[in-house]
K.L.:
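Encoded as structure tokens, here's the structure I'll be asking about.
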Number of protein chains: 4
Amino acid sequence: MNSRSPSTLIADTGRGNEAAILNAALEAFGTKGFNGASMRDVAKGAGTGLSNLYNYFPSKSQLLAEVLRHANDELYARVRRAVEEAGDDAASRMREAVRAYVGFVVDHQVATVVATSEVRYLEQGDRQRLVAERDATQALFEEIVAQGIAGGEFRTPYGKDAARAILSMIAAVAYWYHRDGRLSRGQLAEQQARYALAMLEAPLAN
Amino acid sequence: MNSRSPSTLIADTGRGNEAAILNAALEAFGTKGFNGASMRDVAKGAGTGLSNLYNYFPSKSQLLAEVLRHANDELYARVRRAVEEAGDDAASRMREAVRAYVGFVVDHQVATVVATSEVRYLEQGDRQRLVAERDATQALFEEIVAQGIAGGEFRTPYGKDAARAILSMIAAVAYWYHRDGRLSRGQLAEQQARYALAMLEAPLAN
Amino acid sequence: MNSRSPSTLIADTGRGNEAAILNAALEAFGTKGFNGASMRDVAKGAGTGLSNLYNYFPSKSQLLAEVLRHANDELYARVRRAVEEAGDDAASRMREAVRAYVGFVVDHQVATVVATSEVRYLEQGDRQRLVAERDATQALFEEIVAQGIAGGEFRTPYGKDAARAILSMIAAVAYWYHRDGRLSRGQLAEQQARYALAMLEAPLAN
Amino acid sequence: MNSRSPSTLIADTGRGNEAAILNAALEAFGTKGFNGASMRDVAKGAGTGLSNLYNYFPSKSQLLAEVLRHANDELYARVRRAVEEAGDDAASRMREAVRAYVGFVVDHQVATVVATSEVRYLEQGDRQRLVAERDATQALFEEIVAQGIAGGEFRTPYGKDAARAILSMIAAVAYWYHRDGRLSRGQLAEQQARYALAMLEAPLAN
DNA sequence: GATGAATGAGATTTCATTCAT
DNA sequence: AATGAATGAAATCTCATTCAT
């Protein structure tokens with residue numbers, strides 16, 4: 001359980017206005033894109049002055065990097081915890097991993113969109129670091145797939161590639177899901193889990 | 001068969017420099033994003049003067065709209081033709097539709113990326129028109145799914161949703177595929193087709 | 001003879017507002033220093049818009065570089081012509097070289113000040129080029145000194161060093177000379193020539 | 001004799017970080033110019049916080065004024081002492097004055113450069129005070145020149161003007177001298193003294 | 001259709017300085 | 001005396017777009 005709203009990605013960091021700035025940046029980058037959003041937009045959203053942003057982050061690009069780092073951390077933590085708390089068989093673990101990922105995507109749609117479509121605006125070094133963090137999450141899925149294939153639960157001939165396909169599919173949900181639409185969070189998660197297991201060619205549960 | 005390189009999306013339009021401008025715009029928007037690319041970048045890429053761009057397109061936004069229209073047209077045409085030339089059963093048609101879509105994504109990775117991540121920068125009217133065109137392509141897939149479900153070939157309980165999931169999965173290929181990488185075009189298409197049919201819960205062919 | 005005012009360093013270059021911008025930049029940099037003057041100051045002085053400056057020069061630093069190049073060219077040309085038109089003996093040639101240099105300093109006080117105190121704000125490459133051009137002028141003086149020493153006209157034991165000392169002495173005039181002050185152009189030039197020949201330990205003319 | 005390094009102009013002032021700040025300011029203004037250096041640069045160089053600077057000096061401009069005052073004081077003291085300790089004839093006194101000046105320039109090249117090229121950025125009042133202090137040093141030279149002319153030792157027809165020319169020549173040394181270069185401190189001083197006496201048209205010593 | 005010059009708005013970033021603690 | 005956060009102004013530079021030719 002988390003004390004703050006699920007849609008506020010970054011909690012207080014104990015340093016002045018930092019969290020407000022990060023959340024405002026996320027919002028701005030999500031709404032207008034990294035290059036479409038201005039530092040003024042961010043400042044306005046954070047309720048502070050433009051120049052004050054630079055007391056916290058040395059550049060717009062670094063600000064984006066921090067936002068994405070927080071997002072990745074949260075996503076990784078959610079998936080990891082879900083896998084740890086799941087049963088022992090690969091199918092249960094995959095199901096829980098997918099549910100956790102979908103939960104993150106739905107709670108933080110904006111962050112998911114930003115993380116997938118604005119990474120390229122990072123500076124070289126930050127981008128590499130970010131990709132590495134993202135790969136860590138992907139590795140959690142790959143391990144489950146490998147376990148499932150080894151144990152005969154999954155019959156797909158495409159191990160790692162299937163994991164990647166699953167992740168893209170889930171992340172894409174962020175682009176169209178509406179909280180008040182036809183599908184509830186739970187239904188959505190259920191669908192995605194079923195797609196994922198089907199892609200891995202796990203025999204249907206029932 | 002197409003006489004021009006598969007990586008040049010827009011062929012001569014019979015109007016001076018128009019095609020060169022459109023292709024340069026695609027390249028620029030793909031590399032730097034719509035807001036990151038400047039009209040100067042486009043002009044340079046097209047080998048013409050900055051102000052000359054405005055003899056062809058009234059604004060940057062309209063230029064993007066035209067680029068995306070061309071991309072959507074080509075995608076739609078490819079998928080439609082593939083479906084028409086396929087067999088009668090839903091599985092074959094789905095397989096060919098996926099192969100055609102994957103072919104487009106691989107031939108026009110940049111266009112695919114631009115089409116998915118820069119649409120939001122269009123003006124209201126253009127965006128609606130674009131989304132409608134995109135929906136037309138999606139409808140081709142939905143029809144096949146409906147046919148397959150009606151005929152008992154596909155057992156998924158999620159019809160339209162599955163179609164959307166398949167399309168997102170395929171489009172995401174544009175973000176990571178490398179022409180000289182491990183997977184050939186054919187292998188990639190084969191994988192995606194298999195994922196798609198699995199998601200639809202079609203019994204395995206063999 | 002020069003058709004333009006002696007205090008306007010840069011004549012029309014045949015490219016729009018270029019000359020006006022260069023002269024305005026010289027004036028601004030001279031009055032407030034390179035870092036103290038803003039591009040707005042320059043634009044205002046040139047009677048054009050701020051952003052238009054960047055159609056002519058890619059950066060403030062490059063603008064300074066161009067200004068200094070023009071100044072150096074003019075100085076070099078004046079000294080060179082003076083030496084060529086002078087008599088054959090080293091003393092006469094030195095005298096004329098000094099008079100020409102003093103003439104430049106007086107006609108273009110601002111340019112002289114800028115050239116000596118703002119060079120350091122150039123980017124690496126431009127600075128080296130500038131220093132090389134300045135050395136060319138210095139070389140003209142060094143040659144005369146060498147000739148004078150070889151011919152016994154100058155008895156200083158410090159050849160090249162004396163040339164440098166002379167040039168610094170003359171350039172420093174730009175910092176205090178007032179056109180309407182006690183000393184006329186001619187008197188000033190006469191003084192400086194006498195100092196120079198004395199430093200070289202040439203026997204007094206009379 | 002001075003207990004601190006010759007390159008650290010300002011000794012402890014008995015007031016906390018004051019000396020460190022002054023020396024850091026000198027360094028910063030020397031390296032980047034008054035307008036090019038920021039108060040942050042100074043703070044960093046002094047190893048203290050930015051806002052703490054304002055506990056010592058009310059403004060950047062006043063900080064420059066203090067730096068220059070210290071530099072002028074030291075220069076004046078050196079020259080004055082040298083003259084007092086010199087012989088009675090004008091030539092000896094001039095020789096020692098020049099040596100002292102050259103010594104200062106070499107020990108404090110940065111301070112010399114700052115003193116000559118950044119004075120203009122002082123506020124009106126400070127500038128006048130500074131110029132007055134500088135004139136005091138110049139007066140020391142002028143007195144010697146006057147004495148020499150009166151006594152027939154110097155035959156130059158240009159008294160005061162020659163003193164100024166000498167001072168500019170010496171100060172300019174700061175712009176090019178390298179401690180590890182071809183000329184030692186002593187050789188340099190010797191050269192400058194010889195130039196000075198020559199300019200004053202004193203008969204050669206030997 | 002094409003060019004080169006121009007413009008006004010706005011981008012990111014830096015600055016000197018102040019305030020509360 | 002010292003710190004960290006904040007501010008408003010101003011800096012350089014870029015942008016999409018227009019105009020005259």
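Chain identifiers are assigned alphabetically (A, B, ...) following the order of the sequence lines, protein sequences preceding nucleic acid strands; residue numbering begins at 1 within each chain.
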K.L.:
How would you list, by chain and number, every residue that makes a side chain to side chain donor-acceptor pair (under 3.5 Å) with A/Ser117, sequence neighbours excluded?
P.N.:
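Once residues adjacent in sequence are excluded, A/Ser117 has no partner under the side chain to side chain donor-acceptor pair (under 3.5 Å) criterion.
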
K.L.:
Less than 4.0 angstrom between a side-chain N/O of C/Arg15 and OP1 or OP2 of E/dG4, yes or no?
P.N.:
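So the side chain of C/Arg15 is outside the cut-off, no N or O lying under 4.0 Å from OP1 or OP2 of E/dG4.
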
K.L.:
Under 3.5 Å, which donor-acceptor pairs do the side chains of residues 44-52 of chain A form with other protein atoms, sequence neighbours left out?
P.N.:
unit_1  : atom_1 : unit_2  : atom_2 : d
A/Thr48 : OG1    : A/Asn52 : ND2    : 3.0
A/Asn52 : OD1    : A/Asn55 : ND2    : 2.8

K.L.:
Could you pull out all residues at least two apart from D/Tyr121 that satisfy side chain to side chain donor-acceptor pair (under 3.5 Å)?
P.N.:
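In terms of side chain to side chain donor-acceptor pair (under 3.5 Å), with neighbours along the sequence ignored, D/Tyr121 is linked to no residue.
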
K.L.:
Without decimals, in angstroms, what is the distance between D/Leu53 CG and F/dA2 C1'?
P.N.:
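That distance rounds to 11 Å.
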
K.L.:
Sequence neighbours excluded, which residues qualify as side chain to side chain donor-acceptor pair (under 3.5 Å) partners of C/Thr31?
P.N.:
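C/Thr31 satisfies side chain to side chain donor-acceptor pair (under 3.5 Å) with no other residue.
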
K.L.:
Within the distance-only criterion (no hydrogens, no angle test), does the side chain of A/Asn23 pair as donor or acceptor with the backbone N or O of A/Thr8 below 3.5 angstrom?
P.N.:
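Looks like no, no N/O pair under 3.5 Å.
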
K.L.:
Nearest whole Å is fine: how far is F/dG8 C1' from A/Tyr54 OH?
P.N.:
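A/Tyr54 atom OH is separated from F/dG8 atom C1' by 15 Å.
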
K.L.:
For DNA chain F, what residues of residues 119-128 of chain B have any heavy atom nearer than 4.0 Å?
P.N.:
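Within this stretch, nothing sits under 4.0 Å of the strand.
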
K.L.:
Distance check needed: E/dT3 P versus B/Arg40 CZ, whole Å only.
P.N.:
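Rounding to the nearest Å, CZ of B/Arg40 and P of E/dT3 are 14 Å apart.
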
K.L.:
In residues 44-52 of chain C, which ones come under 4.0 Å of DNA chain E, going by heavy atoms?
P.N.:
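Contacting residues: C/Thr48, C/Gly49, C/Ser51, C/Asn52.
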
K.L.:
Looking only at side-chain N and O atoms, does C/Asn17 come under 4.0 Å of OP1 or OP2 in E/dA6?
P.N.:
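Answer is yes, contact under 4.0 Å.
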
K.L.:
Less than 4.5 Å apart, side chain to side chain, heavy atoms only: is that true for A/Met39 and A/Leu63?
P.N.:
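Heavy-atom side-chain distance check passes, below 4.5 Å.
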
K.L.:
Between C/Phe34 and B/Gly36, just flag the one whose closest nucleotide in DNA chain F comes earlier from the 5' side.
P.N.:
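The 5'-side residue here is C/Phe34.
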
K.L.:
Among residues 56-70 of chain A, which ones have heavy-atom contacts with DNA chain F below 4.0 Å?
P.N.:
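Within residues 56-70 of chain A, the residues near DNA chain F are A/Tyr56.
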
K.L.:
Scan C/Ala37 against the nucleic acid and name what it touches under 4.0 Å (heavy atoms): base, sugar-phosphate only, or nothing.
P.N.:
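If one applies the 4.0 Å heavy-atom cut-off, C/Ala37 turns out to touch the sugar-phosphate alone, with no base involved.
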
K.L.:
For a quick check under 3.5 Å, do A/Ser59 and A/Tyr54 share a side-chain donor-acceptor pair by atom type?
P.N.:
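No - no donor-acceptor pair under 3.5 Å links their side chains.
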
K.L.:
Mapping A/Met39 and C/Gly16 onto DNA chain E by nearest heavy atom, which one lands closer to the 5' end?
P.N.:
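Looking at the nearest nucleotide for each, C/Gly16 comes out on the 5' side.
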
K.L.:
Is there side-chain contact between A/Tyr175 and A/Thr112, with at least one heavy-atom pair below 4.5 Å?
P.N.:
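A side-chain contact is absent here, since even the closest heavy-atom pair is not under 4.5 Å.
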
K.L.:
Can you find a side chain N or O atom of C/Asn55 that sits less than 4.0 Å from OP1 or OP2 on E/dG4?
P.N.:
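So the side chain of C/Asn55 is outside the cut-off, no N or O lying under 4.0 Å from OP1 or OP2 of E/dG4.
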
K.L.:
Not counting sequence neighbours, which residues clear side chain to side chain donor-acceptor pair (under 3.5 Å) with C/Gln62? List them please.
P.N.:
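Here the qualifying residues are C/Asp126.
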
K.L.:
For A/Asp41, which residues count as a side chain to side chain contact (heavy atoms under 4.5 Å, CB included) partner, sequence neighbours excluded?
P.N.:
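Listed in chain order: A/Ala28, A/Lys32, A/Ala37, A/Ser38.
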
K.L.:
Quick one, D/Glu133 with D/Asp73, criterion side-chain contact (heavy atoms from CB on, under 4.5 Å). Give me CA distance, side-chain angles, the key distance, then yes/no.
P.N.:
CA-CA 8 Å; D/Glu133 291 192 42; D/Asp73 285 355; 3.0 Å; yes

K.L.:
For C/Arg127, give me all partners under side chain to side chain contact (heavy atoms under 4.5 Å, CB included), at least two apart in sequence or on another chain.
P.N.:
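Here the qualifying residues are C/Val119, C/Leu122, C/Gln124, C/Val131.
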
K.L.:
Could you list the residues that satisfy ring-ring contact (aromatic ring centres under 6.0 Å, His included) with B/Phe29, not counting sequence neighbours?
P.N.:
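Partners of B/Phe29 by the ring-ring contact (aromatic ring centres under 6.0 Å, His included) criterion, ordered by chain and then number, come out as B/Phe34.
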
K.L.:
Without decimals, in angstroms, what is the distance between C/Asn35 CG and E/dT14 C1'?
P.N.:
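That distance rounds to 12 Å.
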
K.L.:
Taking Watson-Crick and G-U wobble pairs with both distances under 3.5 Å, convert DNA chain F into its dot-bracket string, 5' to 3', dots for unpaired and | for cross-strand pairs.
P.N.:
.||||||||||||||||||||

K.L.:
Just so I know, are the side chains of C/Glu18 and C/Leu22 near enough to count as touching, which here means a heavy-atom distance under 4.5 Å?
P.N.:
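Result yes, sub-4.5 Å side-chain heavy-atom pair found.
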
